[in-house]
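For reference, the structure is listed below as structure tokens.
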Amino acid sequence: MHVLLVHAHPVPESYNAALRDAVRAALEAAGHSVDLLDLYAEGFVPVLSAEERRIYHDVDDNLRPVAREVERLRAAEALVLVYPTWWYGMPAILKGWFDRVWLPGVAFTLPEGGGPIRPALTGIRKIGVVTSSGSPRWFLRGYMGDPGRRVILRGLKPLCAPRARSLWLCHYSMDASTPESRARFLGRVDRAFRRF
């Protein structure tokens, strides 16, 4: 399977980078091909410009500014996102990637004259997320309702690739993590993506 692995963390020596590397190694060990899109390292610009917003609904022109990123997304049979949970959601650069790349005609189609949105990324068969959160599980999931998880698995997935199977892995309580808890989570990530 061809996997688009999207990483969103600015610090190359971060634990998040170790998670990215563990995901990539496990996927490749399982025989998958991996296209690593490291948003910070590649200098992705997350800001939707005024011109991009003006042509947002023009399916013929809206991909011009992000044609390379669209090509990589369309080639994916699986999508894996690796990012830290900040302020209960994804980092701004990743949100900007969704804003600029998951366009009408790419991720979904809007029928002329109205009607339900139709998914367009139906070639994506699996969606995986590996994240970390400073908040404990009881707070993020129980009290806050896990907004990041809801956005991706209840919002984006049904809209764009509704039949895709999903995997969600989160190292909660990162602010109180230990070398042992981080190593255990890396092991969990490795095992999960060898079976992905």
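Numbers here simply count residues along the sequence, with the first being 1. Note that the structure is a prediction, hence the values are computed from the model and not measured.
When all heavy atoms are compared, the tightest approach of P116 to P111 is O-CG, 3.1 Å. The two residues L27 and V3 come nearest to each other via the heavy atoms CD1-CG1, 3.8 Å.
Put simply, the side chain of P104 reaches to within 4.5 Å of the side chain of N62, judged on heavy atoms. At least one side-chain heavy atom of I117 sits under 4.5 Å from a side-chain heavy atom of L110. Side-chain contact between V6 and L4: present, with at least one pair of heavy atoms (C-beta onward) separated by less than 4.5 Å. Using a 4.5 Å cut-off on side-chain heavy atoms (C-beta onward), D38 and F44 make no contact. Side-chain contact between W97 and W102 is present, with at least one heavy-atom pair separated by less than 4.5 Å. Between V129 and Y83 there is a side-chain heavy-atom pair separated by less than 4.5 Å.
We find the CD-CG distance between E28 and L5 to be 9.0 Å, quoted to the nearest 0.5 Å.
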Using atom types as modelled, flag every donor-acceptor pair under 3.5 Å from a side chain in residues 155-170 to any protein atom, sequence neighbours excluded.
{"residue": "K157", "atom": "NZ", "partner": "A164", "partner atom": "O", "Å": "3.0"}

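A donor-acceptor contact closer than 3.5 angstrom is absent between the side chains of H2 and D35.
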task = Give the intermediate values and the outcome of side chain to side chain contact (heavy atoms under 4.5 Å, CB included) for residues L37 and R72.
result = CA-CA 9 Å; L37 170 54; R72 293 168 81 177; 3.5 Å; yes
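Residues E69 and R74 are not paired through a salt bridge, judged by the lack of any N-O separation under 4.0 Å between the basic side chain and the carboxylate.
Partner of H9 under the ring pair (Phe, Tyr, Trp, His ring centres under 6.0 Å) criterion, chosen from Y15, Y40, W86: W86.
Within the structure, side chain to side chain donor-acceptor pair (under 3.5 Å) contacts touching residues 182-196 (residues at least two apart or in different chains) are S177-R182, D190-R194.
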